[in-house]
2 protein chains.
Amino acid sequence: MRDEVDGLVEAWRAERPDLDVEPLQVLSRVSRLARHLDRARRTVFTEHGLEPWEFDVLAELRRSGPPYELSPGRLLRATLVTSGTMTNRIDRLAAAGLVRRFPDPADKRGVLVRLTDEGRERVDGALTALLDYEKTILGAMPASERRRLAALLRSLLSPLDEPDPRQRT
Amino acid sequence: MRDEVDGLVEAWRAERPDLDVEPLQVLSRVSRLARHLDRARRTVFTEHGLEPWEFDVLAELRRSGPPYELSPGRLLRATLVTSGTMTNRIDRLAAAGLVRRFPDPADKRGVLVRLTDEGRERVDGALTALLDYEKTILGAMPASERRRLAALLRSLLSPLDEPDPRQRT
DNA sequence: CCGCACTATCTCGATATCGAGAGATAAGCT
DNA sequence: AGCTTATCTCTCGATATCGAGATAGTGCGG
């Protein structure tokens, strides 16, 4: 079995024999796999009438539980976009009837973004489709290996998750 | 040990107990890890006066070996951007003196993009810095686990690498 | 209870990307 | 050879994002 990264590593070894390119074996695979996943997500969501960014926002609201309502600030921190981007996204989601804006009764500066019934149906459908697709990707991999892979990835991710919650205001 | 994805999976389980969200344990971690890596790459490359997209293009040329020369078509397929984007990138890299365009002697429609000495130095320096950073990410992980992780990732990636070389012209 | 630093959201100009299409050349077919 | 289809690169208009700044409201310390 062989993938793009094997070729990549070989090429670097030939051109830069002075360097230890071992880390690419893990981290380039992570990046490339993520790129493939992004493309596939786009395809899956398009079939459900959503863009990936729409799913990101709606899913955050959906996961928060009833009444499916969060501030723009929480949404932008959760999705790692800037405030200008989030304003624009909420505008478009509201125009599409998937969310509505309400003034925040507890803070007159703020608003709350609430999922509409239609928004909830759309994100639920898209999630189901996403999981179906992801199952096919993981397809042949036995449950024991999945757990081991998940654990190894967690050990890389958890140190990165902690520091610098990175306000993007 | 715990990461963002553990919280994500718990939240979905609470809201959608009807779904099997196991696949997220692996694939959401891949996506999130890739996002962290992107941010870190940006930081590392900025210190070497390169943008991530500049590194992507220059590295492809560097890896191809002397005379460090490829067509725009090969570059756009390697970096998964559209032709309009690649034209724009080559324009800016040429303006920065990191590449030069030459007519392709074998095909009068085409051009060849060649790395300049300065471009080569910059990409070599950036690669060294990138690998240093990646070593710190992988830091504590023993070599045996790295190999296992790489192998598990390869088994997910290799089926995706084959199909649909996806011309983006 | 007043001032001041902080926070929340929105506005707006700049920029990188996409994607459709044009112009030129190449390669295959009859 | 002549014709058609494919390929290569570039052009250009539309769009989503960023990031700095504006506006309004909050709440702490004096």
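Since the structure is predicted, the reported quantities are computational estimates derived from the model, not experimental observations. We name chains A, B, ... by the order of the sequence lines, and we start the count at 1 in each one. Note: hydrogens, waters and symmetry copies are ignored here, and every other heavy atom, side chains too, is used.
Applying the salt bridge (charged side-chain N to carboxylate O under 4.0 Å, His left out) rule to A:E121 yields no partners; only residues at least two apart in sequence or on another chain are considered. When the salt bridge (charged side-chain N to carboxylate O under 4.0 Å, His left out) test is applied to B:E69, the partners found at least two apart in sequence or on another chain are B:R114. Take B:D132 and apply the salt bridge (charged side-chain N to carboxylate O under 4.0 Å, His left out) test, not counting sequence neighbours, and it matches B:K135. For A:R100, the side chain to side chain donor-acceptor pair (under 3.5 Å) criterion is met by no residue, not counting sequence neighbours. For B:R16, the side-chain contact (heavy atoms from CB on, under 4.5 Å) partners are A:R62, A:D124, A:L127, A:T128, B:W12, B:D18, B:L19, not counting sequence neighbours. Residues satisfying the side-chain contact (heavy atoms from CB on, under 4.5 Å) criterion with B:A11, sequence neighbours excluded, are A:R63. Residues passing the salt bridge (charged side-chain N to carboxylate O under 4.0 Å, His left out) test with A:D38: none are found, sequence neighbours excluded.
Taking a cutoff of 4.0 Å between a charged side-chain nitrogen and a carboxylate oxygen, A:D6 and B:R154 qualify as a salt bridge.
Following rounding to the nearest Å, A:L76 (CG) and D:dG19 (P) show an atom-to-atom distance of 13 Å. The nearest whole Å value for the distance from the CG atom in A:L70 to the P atom in C:dT9 is 11 Å. One interatomic measurement links the two molecules: CE of B:M86 to P of C:dC18, which rounds to 10 Å at whole-angstrom precision. Remark: C1' of D:dG19 and CG of A:L80 are 16 Å apart, rounded to the nearest angstrom. At whole-Å resolution of the value, CZ in B:R35 and P in D:dT17 are 13 Å apart.
Mapping B:D107 and A:G110 onto DNA chain C by nearest heavy atom places A:G110 closer to the 5' end of the strand.
Closest contact between the side chain of A:S71 and the listed nucleotides C:dT9, C:dT25, C:dG21 involves C:dT9. If you check D:dT9, D:dC18, C:dC18 against the side chain of A:T82, the one that comes closest is D:dC18. Here the side chain of A:T85 is nearest to one of D:dC18, D:dT26, C:dC10, namely D:dC18. For A:P72, the side-chain atoms get nearest to C:dT9 when compared with the rest of D:dG19, C:dT9, D:dC10.
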I'd like a list of close polar pairs between nucleotides 1-7 of chain C and the protein, N/O only, cut-off under 3.5 Å.
unit_1, atom_1, unit_2, atom_2, d
C:dT7, O2, A:R109, NH1, 2.4

In a table with atom names and distances, give each donor-acceptor pair under 3.5 Å that connects a side chain of residues 143-153 of chain A to protein atoms at least two apart or in another chain.
unit_1, atom_1, unit_2, atom_2, d
A:R146, NE, A:M141, O, 3.2

Please tabulate, for the side chains in residues 105-112 of chain A, all donor-acceptor contacts under 3.5 angstrom to protein atoms that are two or more places apart in sequence or on a different chain.
unit_1, atom_1, unit_2, atom_2, d
A:D107, OD1, A:R109, N, 3.0
A:D107, OD1, A:R109, NE, 3.1
A:D107, OD2, A:R109, NE, 3.4
A:D107, OD2, A:R109, NH2, 2.7

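The closest side-chain heavy-atom distance from B:P72 to B:T87 is not below 4.5 Å.
Taking a 4.0 Å limit (strictly below) on heavy-atom distances, residues 53-62 of chain B does not reach DNA chain C anywhere. Near DNA chain D, meaning a heavy atom under 4.0 Å from it, residues 88-106 of chain A has A:N88, A:R89, A:R92 in order of number.
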